[in-house]
K.L.:
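Attaching a single structure in structure tokens format; questions to follow.
Starting from 1, each residue takes its place in the sequence as its number. Below, all heavy atoms of this structure are taken into account, side chains as well, without hydrogens, waters or symmetry copies.
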Amino acid sequence: MPRSFNETEKENIRQNLIAACKKSWSVHGYKKTSVNELCAKVGISTGTFYSLYDTKEALFCDVMDDFQQSTRDMYNEILSSPPTKEEIYQVLKTLYLEYAQNDIITKRHSTDYQSLLNKLPKEWKERHSKNSEDGLAARLIASGIKLKVSNERARQIIDTLLLTVVNKESIKDHYEIFCMLLDCVIDEIYELQ
């Protein structure tokens, strides 16, 4: 008879699976991340895995949701309302470094990532897209900070700036370049003190 887990144990297993999946995804990509290997790393059976997740893709959704929530928690913790220039710099630099360490973002145009997206439920993709739109740029706009450009333009500039991380492998000193670009545009977007 398979072992049953209480809700706390199930949540601990889920968190361990999310952590193991993040690491495997960064090293091996989506296709080569194996449910069997994840189960071995976490110390559970595949039966336990499938009692928590219907598919491997459902785990990947949780990984992306977890990443999105942790970045949202980070910038909500740092930013006051309205935020200072230093806070905006700190958030954007921290977020960029988080993206640079996480292949969920940096390899999102790869065939491996596209293969994953093709298998994800439409409802999840819609929710994830909505959550992305409600991300940092929207948080900054909602904070009452004064803009020198339209809300949409501010969001596009921030998103474009952060997405330079996608090319980190081909840009020498990519973080320093990002910081330079940030210095060039921040005063063009926001009226900051």
K.L.:
Return a table of donor-acceptor pairs under 3.5 angstrom between the side chains of residues 169-185 and protein atoms on other chains or two or more places apart.
P.N.:
residue, atom, partner, partner atom, Å
S170, OG, N167, O, 3.1
H174, ND1, Y96, OH, 2.8
D183, OD1, Y89, OH, 3.0

K.L.:
Would you say the side chain of K10 lies within less than 4.5 Å of the side chain of N6, judging by non-hydrogen atoms?
P.N.:
no

K.L.:
Determine the minimum heavy-atom distance between K125 and L117, stating which atoms define it.
P.N.:
NZ-O, 3.0 Å

K.L.:
Quick one, V35 with Y50, criterion side-chain contact (heavy atoms from CB on, under 4.5 Å). Give me CA distance, side-chain angles, the key distance, then yes/no.
P.N.:
CA-CA 9 Å; V35 169; Y50 287 109; 3.8 Å; yes

K.L.:
Between L120 and H128, is a side-chain contact (heavy atoms from CB on, under 4.5 Å) present by the stated rule, with each step listed?
P.N.:
CA-CA 11 Å; L120 297 181; H128 185 73; over 6 Å; no

K.L.:
For the residue pair P82 and S80, what are the closest heavy atoms and their distance?
P.N.:
O-OG, 3.2 Å

K.L.:
Show the nearest heavy-atom pair for residues F49 and K56, with the distance to one decimal.
P.N.:
CZ-CA, 4.2 Å

K.L.:
Might you confirm whether atom NZ of K93 has over 12 heavy atoms from other residues, nucleotides or ligands at distances under 6.0 Å?
P.N.:
yes

K.L.:
Nearest 0.5 Å, please: how far is NZ in K32 from OG in S34?
P.N.:
12.5 Å

K.L.:
With distance as the sole criterion, is a donor-acceptor pair present between the side chains of W25 and N102 under 3.5 Å?
P.N.:
no

K.L.:
Where is the tightest heavy-atom contact between V149 and A154, given as atom of each residue plus distance?
P.N.:
CG2-N, 3.7 Å

K.L.:
Is there a donor-acceptor pair closer than 3.5 Å between any side-chain N or O of T71 and the backbone N or O of F67?
P.N.:
yes

K.L.:
Do L163 and T160 have side-chain heavy atoms sitting under 4.5 Å apart?
P.N.:
no

K.L.:
Minimum heavy-atom separation for E191 and L147, please, with both atom names.
P.N.:
OE2-O, 4.2 Å

K.L.:
Kindly compute the distance separating CD1 (I158) from CG (L95), expressed to the nearest 0.5 Å.
P.N.:
9.5 Å

K.L.:
Could you check whether any side-chain N or O of T33 sits under 3.5 Å from a backbone N or O of G29, counting only pairs where one atom can act as donor and the other as acceptor?
P.N.:
yes

K.L.:
Which atom pairs, one a donor and one an acceptor, fall under 3.5 Å between side chains of residues 11-19 and the rest of the protein, sequence neighbours left out?
P.N.:
residue, atom, partner, partner atom, Å
E11, OE2, Q15, NE2, 2.7
N12, ND2, T8, O, 3.4
N16, ND2, N12, O, 3.2

K.L.:
Enter the distance from K23:NZ to K41:NZ here, rounded to the nearest 0.5 Å.
P.N.:
8.5 Å

K.L.:
Near K148 NZ, under 6.0 Å, is it more than 12 heavy atoms from other residues, nucleotides or ligands?
P.N.:
yes

K.L.:
Compare every heavy atom of T94 with every heavy atom of Q90, then report the nearest pair and how far apart it is.
P.N.:
O-OG1, 2.7 Å

K.L.:
Please determine if K22 forms a cation-pi arrangement with F60, meaning its NZ or CZ atom is less than 6.0 Å from the six-membered ring centre and no more than 45° off the ring axis.
P.N.:
no

K.L.:
Do other residues, nucleotides or ligands put more than 12 heavy atoms under 6.0 Å from the CG atom of D73?
P.N.:
yes

K.L.:
Taking atom types as modelled, find out whether S45 and T48 have a side-chain donor-acceptor pair closer than 3.5 angstrom.
P.N.:
yes

K.L.:
Got D62 and D66 here, is their nearest side-chain heavy-atom distance under 4.5 Å?
P.N.:
no

K.L.:
For a side-chain contact (heavy atoms from CB on, under 4.5 Å) check, start with the C-alpha distance between I186 and L92, then their side-chain angles and the critical distance, and finish with the verdict.
P.N.:
CA-CA 10 Å; I186 199 76; L92 290 172; 4.2 Å; yes

K.L.:
Quick test of your reading of the model: are K85 and D187 salt-bridged, counting only N-O distances below 4.0 Å?
P.N.:
yes

K.L.:
Do other residues, nucleotides or ligands put more than 12 heavy atoms under 6.0 Å from the CD atom of E77?
P.N.:
no

K.L.:
Just checking R127: does its CZ atom have more than 12 heavy atoms from other residues, nucleotides or ligands closer to it than 6.0 angstrom?
P.N.:
yes

K.L.:
State, with a plain yes or no, whether a side-chain heavy atom of W124 is found less than 4.5 Å away from one of E57.
P.N.:
no

K.L.:
Would you find a donor on one side and an acceptor on the other, under 3.5 Å apart, between the side chain of K168 and the backbone of A100?
P.N.:
yes

K.L.:
Given the rule in the side-chain contact (heavy atoms from CB on, under 4.5 Å) test, do E86 and V91 qualify, once you have shown the distances and angles that lead to the verdict?
P.N.:
CA-CA 9 Å; E86 292 76 26; V91 164; over 6 Å; no

K.L.:
Distance alone, cut at 3.5 Å: any donor-acceptor contact between the side chains of Y75 and E87?
P.N.:
no

